[in-house]
Amino acid sequence: MRHELICTEAATSPRLAVRGAPRPHPGAGEVMVKVQATSVNPIDVKRASGYGRRLLGLKGAARFPLVLGNDVAGVVESIGANVTGFARGQRVFGLLGTGRSGGAHASHVVVPQALLRHAPQGTGPDALAVLPYSFTTMWLSLRSIGITPANARGARVLIHGANGGLGRLAMQVLHHWGSQITAICAKGECQAALDLGAVAAVEYGPGCIESLPPDFDAVLNFANWDDDARLASHLGPRAMGQATTVHPLLANFDRLGWLGGAWASRRDRGRIRAIVASRAPKARYAWTIFKPDPQALEVLAEGVRARRLALPVGLAVPLDNAVAAYDHVLAGRPGRAVLLP
Ligand SMILES: NC(=O)c1ccc[n+]([C@@H]2O[C@H](COP(=O)([O-])OP(=O)(O)OC[C@H]3O[C@@H](n4cnc5c(N)ncnc54)[C@H](OP(=O)(O)O)[C@@H]3O)[C@@H](O)[C@H]2O)c1
């Protein structure tokens, strides 16, 4: 028997229940993992309210009851045909895509072997379970605007949302690569950003973006879509670009339907792209959309082994107290929220 956390219907205050279901079987190239820890990310809380129902519905990932969650840390229980490199009893961590077959908030899940990695020694399941989804999204943001270890040294990078999960991971990577990071921080969190290697940190508030220099090589917006235009106007003439994870793509389609959503998204993206192009003709402008990426997992596993990548865990609770984890994320309390099935 598998225990799974289901979100029973769309509501601002998540409607959650644990139910029993038959254990899944791994198919060819798949691994069945007994989950020891899985995380609640901001996207899970949004999806529990019905967010993304149109576009995620195309992937079969919006019909309630929903099993949410993407991150997995646990132990291999069984393997399917053609699986190489994994064996029963090994500690692993990895990722599920967002799709028809459901999420990771369950006691047992089937994961494609390409999206699993061996757990680095000395790092527990809760610490591992908070990383894959956030790291992958952050990594896709860097890649979308062409930041690599080869060009990151000395690059002036502005990060909005620097104290969040994506922001912290971006700082850990970019500091290691030698970038000059300016962090826009939550109230009282500037020192935490400086400790992670930022060369400058400003508290978010009226006039804070305007007070920044106008010549960043890259901007990462992990905090607030309403600031995207003002952030773009701080790119310098040789900028690589700006990536945002807080774009209105899914919300536009939810709110305005297929035609209206497509039109509004084109308009919204075009408006910021024009500012980016006016600042730096060769700069890219990207709306990041999470999708599993084996290369990102490889880099993540290496960074965890080297003790360069980590996020603080704020709360870890059993599946039947999942509501506390959802409340933790909804309230924006410090540290990631983990479920222990
Ligand atoms: N597009 C995608 O595929 C994708 C994938 C992953 C994540 N995301 C989104 O990317 C964002 C960052 O993810 P995360 O996991 O890093 O979230 P997180 O851990 O909640 O961090 C978000 C950070 O942004 C700040 N922030 C939030 N709203 C803000 C606002 N209106 N003005 C100024 N600062 C604000 C927060 O500060 P406070 O603590 O003060 O609120 C916090 O430091 C989230 O919105 C998430 O939903 C998108």
Side-chain angles (χ1 to χ4, degrees), residues 39-49 51-52 55-56 59 61 68-71 95-99 103 129-144 158-173 183-193 196 198 201-209 219-231 242-254 265 268-269 286-293 296 309-315 325-338:
S39 67
V40 178
N41 286 302
I43 187 65
D44 300 315
V45 174
K46 290 182 189 169
R47 287 179 65 200
S49 73
Y51 172 82
L55 285 183
L56 297 180
K59 298 172 157 192
L68 296 165
N70 295 88
D71 292 317
L95 194 60
L96 289 179
T98 303
V130 297
L131 293 170
Y133 177 84
S134 296
F135 185 85
T136 299
T137 307
M138 183 283 299
W139 183 257
L140 294 175
S141 295
L142 296 185
R143 217 166 53 185
S144 67
L158 176 62
I159 303 178
H160 189 14
N163 310 109
L166 271 57
R168 280 172 176 266
L169 291 170
M171 286 203 285
Q172 290 166 19
V173 168
I184 304 178
C185 298
K187 199 167 165 23
E189 294 293 335
C190 285
Q191 190 54 49
L196 281 178
V202 291
E203 226 171 62
Y204 183 69
C208 99
I209 295 175
V219 172
L220 302 170
N221 183 3
F222 299 147
N224 187 4
W225 166 246
D226 292 342
D227 293 327
D228 225 45
R230 279 182 298 151
L231 291 167
Q242 173 160 322
T244 179
T245 59
V246 287
H247 52 75
L249 183 69
L250 272 63
N252 281 344
F253 280 91
D254 287 347
S265 298
D268 291 342
R269 198 198 299 243
W287 284 5
T288 306
I289 298 172
F290 162 78
K291 65 176 192 333
D293 184 285
L309 298 172
L311 287 177
V313 174
L315 180 79
Y326 275 72
D327 284 349
H328 180 92
V329 179
L330 205 51
R333 294 195 195 104
R336 306 310 262 186
V338 172

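Both ligands and their constituent atoms are indexed starting at 1 by order of listing. Everything quoted here is computed from the prediction, not taken from an experiment.
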- Query: Shortest non-hydrogen contact from Asn221 to His160?
  - Reply: OD1-CD2, 3.6 Å

- Hey, could you give me the CG/CG distance between Asp226 and Leu231, rounded to the nearest 0.5 Å? 11.0 Å

- For ligand 1, list the protein residues that place a heavy atom within a distance below 4.0 Å of one of its atoms, sorted by chain and number. Pro42, Lys46, Tyr133, Thr137, His160, Gly161, Asn163, Gly164, Gly165, Leu166, Ala186, Tyr204, Phe222, Ala223, Asn224, Thr245, Val246, His247, Thr288, Ile289, Phe290, Arg336

- Does anything in residues 242-253 pair up under side chain to side chain donor-acceptor pair (under 3.5 Å), and if so which pairs, sequence neighbours excluded? Asp228-Gln242, Asn252-Arg255, Asn252-Ser265, Asn252-Asp268

- Message: Suppose we screen for side-chain hydrogen bond (donor to acceptor under 3.5 Å, both in side chains). Which residues come up paired with Thr136, at least two apart in sequence or across chains?
- Response: none

- Message: So, applying side chain to side chain contact (heavy atoms under 4.5 Å, CB included) with Thr137, which one of Thr288, Asn70, Asp293 is it?
- Response: Thr288

- Message: Checking Phe253 now: which residues fulfil ring-ring contact (aromatic ring centres under 6.0 Å, His included) with it, not counting sequence neighbours?
- Response: Trp258

